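Written below as structure tokens is the structure these notes are about.
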Amino acid sequence: MRGGGNSGGSDVPDASDGRVTSGGRDGGGGQGATSGPGAPRTSAADPVRTRVHVVSDVHGNARDLATAGEGADALICLGDLVLFLDYADHSRGIFPDLFGEENADRLVALRTARRFDEARDLGRRLWAGLDTDRDTAIESAVRRQYAALFAVFPTPTYATYGNVDIPALWPEFAGPGTTVLDGERVEIGGRVFGFVGGGLRTPMRTPYEISDEEYAAKVERLGDVDVLCSHIPPDVPELTYDTVARRFERGSRALLDAVHRTKPRYALFGHVHQPLAPRMRVGSTECVNVGHFASTGRPWAMEW
């Protein structure tokens, strides 16, 4: 997986104090766990280093996902592979494919105005006019997207679900080089990464939303980790406010409590596509929004 390519302007940690800056490095310990084909990463006199690329909110961008792992020892994906509706381009996604761009315009306008009941009424009318039932149509479209996306994941990839993903379908598409984690930990290069997938319940009723209690139990199972990886952010206003949608997305109090209690080096997440604060410190933890990969096509990188 190493060799060739670059991170396309993504960030790496700074050696002096662990801050995430552009172009620095993190002086923390840890040895490289895996490396791909190609020339050796270091000379005999140099320490072995580990580089990880992180993406979230892929939303159908298989083209850039295919190169997201170049130059890294591992790729981490924090979910939302599916593109149901592109809020920046209403012609893209499952919804406009089925119902057309004009109806997509109407749905986005209603959701942006937080007129969720009217948005659901519109959806019910449109689905009722299809020749097939809603679940069958969505699952068929999601399967096509998953087939294209999982096929380009490099080895190794560590992934968790987003709120728009359908976890039951992932085993069908995840190859042997992709490890799916949810409420679980993995060691990469001597550091422990903990993963929590999905989102919390909202009026949007996306496919993988769970109760606060179920989500908190998954966070609790992780224990102490060096890097806390989730799809949604900790419940901090600067991290949950979307400046384009002009609303607060749901963040997790359990994640925030874990940051205060266990003090991981990093908390990495996506979900909020245009956050008020792309990153900020919470205590000693650097909280970093690593999305929106669908629009940028660039992974966030860390190296130690």
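Because only heavy atoms are used, hydrogens play no part in the values below, and waters and symmetry mates are left out as well, while side chains stay in. Just so we're clear, the structure is a prediction, and the values are computed from it rather than from any experiment.
- At a threshold of 4.5 Å between non-hydrogen side-chain atoms, the residues Val180 and Tyr161 count as touching.
- When the side chains of ILVMFWY residues are joined at heavy-atom separations under 4.5 Å, either directly or via intervening members, Ile138 and Leu126 end up in a single hydrophobic cluster.
- With hydrophobic clusters built from ILVMFWY side chains whose heavy atoms lie under 4.5 angstrom apart, Leu83 does not share a cluster with Val108.
- Phe116 is linked by a ring-ring contact (aromatic ring centres under 6.0 Å, His included) to nothing, counting only residues two or more places apart in sequence or in another chain.
- Applying the ring-ring contact (aromatic ring centres under 6.0 Å, His included) rule to His273 yields the partners His59, His292; only residues at least two apart in sequence or on another chain are considered.
- For the atom pair Thr206 OG1 and Asn163 CG, the distance stands at 4.0 Å (nearest 0.5 Å).
- Heavy-atom minimum distance, Lys263 versus Ser284: CB-OG, 3.8 Å.
- Taken together through direct or relayed side-chain contacts under 4.5 Å among Ile, Leu, Val, Met, Phe, Trp and Tyr, Leu107 and Val244 form parts of separate hydrophobic clusters.
- To the nearest 0.5 Å, atoms CH2 (Trp304) and CZ (Arg49) are separated by 10.0 Å.
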(message) Using side chain to side chain contact (heavy atoms under 4.5 Å, CB included), reason through Lys218 and Ile210 one step at a time and then give a plain yes or no.
(response) CA-CA 11 Å; Lys218 293 195 295 185; Ile210 60 177; 3.7 Å; yes
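- Listed by chain and number, the residues in a ring-ring contact (aromatic ring centres under 6.0 Å, His included) with Phe153 are Phe150 (sequence neighbours excluded).
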(request) Report the C-alpha distance between His271 and Ser56 in whole Å, list the side-chain angles of each, state the deciding distance to 0.1 Å, and finish with yes or no for side chain to side chain contact (heavy atoms under 4.5 Å, CB included). (result) CA-CA 7 Å; His271 189 55; Ser56 184; over 6 Å; no
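- Rounded to the nearest 0.5 angstrom, Thr160 OG1 and Asp182 CG are separated by 4.5 Å.
- Here the SG atom belonging to Cys77 is positioned 6.5 Å from the CG atom belonging to Leu65, to the nearest 0.5 angstrom.
- Separation of atoms CZ (Arg281) and SG (Cys287) is listed at 9.0 Å; rounding is to 0.5 Å.
- Arg134 meets the salt bridge (Lys or Arg N to Asp or Glu O under 4.0 Å) test with no other residue; sequence neighbours excluded.
- In terms of the salt bridge (Lys or Arg N to Asp or Glu O under 4.0 Å) criterion, Arg221 has no residue partners (sequence neighbours excluded).
- Tyr241 and Val282 sit in two unconnected hydrophobic clusters of ILVMFWY residues. Membership requires side-chain heavy atoms under 4.5 Å apart, directly or through other members.
- In this structure, a donor-acceptor pair under 3.5 Å is absent between the side chains of Thr50 and Asp73.
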(request) Using the side chain to side chain contact (heavy atoms under 4.5 Å, CB included) rule, take Met302 and Leu268 through it: C-alpha gap first, then chi angles, then the decisive distance, then the call. (result) CA-CA 11 Å; Met302 61 191 306; Leu268 308 180; 4.2 Å; yes
(message) Quick one, Thr67 with Glu70, criterion side chain to side chain donor-acceptor pair (under 3.5 Å). Give me CA distance, side-chain angles, the key distance, then yes/no.
(response) CA-CA 6 Å; Thr67 59; Glu70 289 184 356; 5.1 Å; no
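- Scanning both residues, Gly69 and Pro154, for their nearest heavy atoms gives CA-CG, 4.2 Å.
- Residues that satisfy the side chain to side chain contact (heavy atoms under 4.5 Å, CB included) test with Ser252, not counting sequence neighbours, are Leu200, Tyr215, Ile232, Ala254, Leu255.
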Show which side-chain atoms of residues 93-103 pair as donor or acceptor with protein atoms under 3.5 Å away, not counting sequence neighbours.
residue : atom : partner : partner atom : Å
Asn103  : OD1  : Arg106  : NH1          : 3.0
Asn103  : ND2  : Phe99   : O            : 3.0

(message) One pair to check against side chain to side chain contact (heavy atoms under 4.5 Å, CB included): Asp80 and Asp165. What are the steps and the verdict?
(response) CA-CA 6 Å; Asp80 271 13; Asp165 287 312; 4.3 Å; yes
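- Looking at Pro156 and Thr179, their side chains never come closer than 4.5 Å, going by heavy atoms from C-beta outward.
- Taking CG of Leu228 as the start and CZ of Phe195 as the end, the distance is 10.0 Å to the nearest 0.5 Å.
- In this structure, Thr178 and Ala159 approach most closely via the heavy-atom pair CG2-CB, 4.5 Å.
- Between Arg191 and Asp226, no side-chain nitrogen of the basic residue sits less than 4.0 Å from a carboxylate oxygen of the acidic one, so the salt-bridge criterion is not met.
- The aromatic rings of Trp170 and Tyr146 sit perpendicular to each other, their planes meeting at more than 60°, with 30° as the lower class boundary.
- Residue pairs meeting the salt bridge (charged side-chain N to carboxylate O under 4.0 Å, His left out) criterion with at least one member in residues 234-248, sequence neighbours excluded, are Arg247-Glu249.
- Among Val290, Leu81, Leu78, Leu75, the one residue that satisfies the side-chain contact (heavy atoms from CB on, under 4.5 Å) test with Val55 is Leu75.
- With sequence neighbours excluded, no residue forms a salt bridge (Lys or Arg N to Asp or Glu O under 4.0 Å) with Asp224.
- The salt bridge (Lys or Arg N to Asp or Glu O under 4.0 Å) test applied to Asp133 returns no partner, not counting sequence neighbours.
- Ion pair Glu220/Arg261 flagged as a salt bridge, since at least one NZ, NE, NH1 or NH2 atom sits closer than 4.0 Å to an Asp/Glu carboxylate oxygen.
- In this structure, Val272 stands alone, with no Ile, Leu, Val, Met, Phe, Trp or Tyr side-chain heavy atom under 4.5 Å from its own, directly or through other members.
- Arg143 meets the side chain to side chain contact (heavy atoms under 4.5 Å, CB included) test with Glu139, Leu169, Glu172, Phe173; sequence neighbours excluded.
- Of all the heavy atoms in Leu149 and Gly60, the pair that sits closest is CD2-C, 4.0 Å.
- Looking at every heavy atom in both residues, Gly223 comes nearest to Arg185 through C-NH1, 4.1 Å.
- By the rule that hydrophobic residues join a cluster once side-chain heavy atoms approach within less than 4.5 Å of another member, Phe84 and Leu110 end up as members of one cluster.
- Of the charged side-chain nitrogens involved, none lies within less than 4.0 Å of a carboxylate oxygen, so that Asp212 and Arg253 do not count as a salt-bridged pair.
- Within the 3.5 Å criterion, the main-chain N or O of Thr202 finds a donor-acceptor partner in the side chain of Glu209.
- Using a 4.0 Å cut-off between a side-chain N of Lys or Arg and a carboxylate O of Asp or Glu, Arg125 and Asp121 do not qualify as a salt bridge.
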